[in-house]
Amino acid sequence: MTTLWFEQALLPTGWRSQVRFHIEAGRFTRIEVDAAPDAGEQRHGSVLPGMPNLHSHAFQRLMAGMAETRSGPDGDDFWSWRDLMYRLVGAITPDDLTAIAAMAFVEMLESGFTRSGEFHYLHHQPTGEAYDDPAEMAFALAVAASQTDIALTLLPVFYAHGGFGGTPPGDGQHRFLTDLDGFARLYERTLQAAATLPDAIVGIAPHSLRAVSPAELLALTMMTKGPIHIHIAEQMKEVRDCLAWSGRRPVEWLLDHAAVDPRWCLVHATHITDAECRAIAARGAVVGLCPVTEANLGDGIFPAASFLAADGRFGIGTDSNVRIDLAEELRTLEYSQRLVRQQRTVLADTIRSNGRTLFDAALEGGRCALADGPALEVGDAADLVELAPAVAAAGDSALDRWIFATGRVRGVWRAGVQVVAEGRHRNRDAIAARFDAVAHRLLVEQR
Ligand code: NGQ
Ligand code: ZN
């Protein structure tokens, strides 16, 4: 049994002072408030529940910052980035994936994420041939999670087609492809990969309406009781192609053809109408916003103010992992709205500060999307994030200073174990060395 004492903690009931957490076998057994510190007890500052990162492709961390040169006279967009991404990551082996993902998980923990939702589709060998074990690469992710102690929600991806209407997959997509039978075997083995970790969860991810047929989508939703994640309406080309194929916009089509409910996470949903905002909110589905990646890829701006006004739920993902920074994701989301509306404190409600409103919403939506229960309650995994101390930072001000000013985390505890101290993960050096070696081989030597 261990205890941890904090000056203030953001509990489900709001900020409470002088909080002592009692932890046994990685879980909270008792939470005391207004508890003066004992003589000699170590005193920590402001603490938050760990945040779920609801959408990550960990392997893309390899190429972060490597797609910023113009590829031709017409400039670049999401689709040219995707071609480059396929080329840069095409040779990743299982050991490479462990090294890359471990680095990404270290950076996630250091920024305040304690669970990653891995939207995982790099299933086969670089040649496209299957590994003997269909979940070879899922096991590689699980090893990275165990090296870093991040909690994992594994979302094996079903990917079968290159575009709407079942067009053939393109070059660069052969590592992703399965049919439904192959996917069923992959899913079963992914459950075993998850079972090697203390608190992993498994869901299913039909990649997008581009990559999955209507019949396949129906079959997939029946295979799991866990979360269901899908990329949707991220790019205008995708909206136009969906209209040409079906006469409906992507979100309209999905809500008409699938039993979308709170188990669903609609990743991006960037290009939606007011009616689609209201319809997603009415179903209780979570929208998976990835503001930094969406800015980097030139996706567009999600209508967050309208969506929140309709009582929509959202969570935060780092997606391409071009940056791994929780405070920056929340800040970028708010700033996108300010720039469009020429106003300040757009996503704040009238009771809570801007930072608090963003954090509460992302926590609730993220936990739902990754099938985690409520945070900081007795029985919950002891996942805690201590902010770096800031001046004049009581209550919501601590969150605002962190999200809008410092961006710095001091300590992180995962299942009761301190994995980040003074902003550094305890295994950072060894993991960074392995990542650097892989990055040098794949990005310098082999190019
Ligand atoms: C992905 N990423 O699956 O990694 C995608 C690119 C696609 C984003 N959508 C591939 N941001 O959507 O076809
Ligand atoms: Zn994605």
Side-chain angles (χ1 to χ4, degrees), residues 52-64 66-67 76-90 92 97 100-101 104 108 116-124 137 141 153-164 166-178 203-212 227-242 250 264-271 286-302 314-324 329 332 366 369-370:
N53 177 3
L54 61 56
H55 187 72
S56 159
H57 310 283
F59 70 90
Q60 291 176 17
R61 184 63 181 158
L62 174 72
M63 61 165 293
M66 299 287 289
D76 292 281
D77 61 10
F78 173 89
W79 308 99
S80 62
W81 168 84
R82 191 177 74 162
D83 289 341
L84 180 61
M85 185 264 285
Y86 288 167
R87 270 187 279 132
L88 290 175
V89 305
I92 290 174
L97 180 60
I100 297 163
M108 287 177 200
S116 186
E118 283 300 319
F119 196 106
H120 166 60
Y121 60 90
L122 211 53
H123 300 313
H124 308 313
M137 294 295 256
L141 286 173
T153 295
L154 274 168
L155 301 159
V157 171
F158 179 87
Y159 203 116
H161 313 287
F164 289 97
T167 57
D171 287 345
Q173 296 177 330
H174 44 264
R175 298 191 74 175
F176 323 155
L177 307 174
T178 62
I204 282 186
H207 180 276
S208 55
L209 296 180
R210 290 175 269 129
V212 181
I228 302 172
H229 287 221
I230 187 166
H231 288 125
I232 198 150
E234 180 182 10
Q235 281 281 320
M236 281 307 298
K237 173 175 165 18
E238 184 185 344
V239 176
R240 287 192 297 271
D241 288 355
C242 188
W264 283 70
C265 179
L266 310 191
V267 181
H268 306 301
T270 312
H271 299 286
V286 174
V287 165
L289 301 176
C290 309
V292 172
T293 292
E294 288 156 10
N296 182 268
L297 297 182
D299 286 338
I301 295 177
F302 177 76
F314 75 86
I316 287 291
T318 58
D319 193 357
S320 69
N321 294 308
V322 62
R323 290 270 303 151
I324 298 178
E329 295 288 351
T332 302
L370 297 189

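In what follows, every heavy atom counts, from backbone to side chain, and hydrogens, waters and symmetry copies are set aside. Remember, it's 1-based here, ligands and their atoms both numbered in the order they're listed. Remember, predicted model here, so these are calculated numbers, not experimental data.
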Are [X] and [Y] close enough that their ring centers fall under 6.0 Å?
| X | Y | result |
| --- | --- | --- |
| His231 | His55 | yes |
| His207 | Phe176 | no |
| Phe302 | His271 | no |

Can you tell which of Arg210, His231, Glu294, Arg82 gets a heavy atom nearest to atom 12 (O) of ligand 1?
Arg210
Check Asp299 against ligand 1 and report side chain, backbone, both or neither, counting heavy atoms closer than 4.0 Å.
neither
With a 4.5 Å heavy-atom cut-off, do [X] and [Y] have their side chains touching?
| X | Y | answer |
| --- | --- | --- |
| His57 | Tyr121 | yes |
| Asn321 | Met108 | yes |
| Leu370 | Ser116 | no |

Quick one: nearest non-hydrogen protein atom to [atom], plus distance?
| atom | answer |
| --- | --- |
| atom 8 (C) of ligand 1 | Glu234 OE1, 3.5 Å |
| atom 4 (O) of ligand 1 | Tyr121 OH, 2.6 Å |
| atom 3 (O) of ligand 1 | His207 NE2, 2.8 Å |

Element-labelled atoms of ligand 1 that are located less than 4.0 Å from some non-hydrogen atom of Leu297
11 (N)
If you measure from each heavy atom of His268 to ligand 1, is any distance below 4.0 Å?
yes
Phe119 touching ligand 1 at heavy-atom level, < 4.0 angstrom
no
Kindly assign one of parallel, tilted or perpendicular to the pair His123 and His120, based on the angle between their ring planes and the thresholds 30° and 60°.
perpendicular
Could you please compute the angle at the Zn ion (ligand 2) from NE2 of His55 to OD1 of Asp319, rounded to 10°?
90°
Suppose we only count N/O/S atoms under 2.8 Å; would His57 qualify as near the Zn ion (ligand 2)?
yes
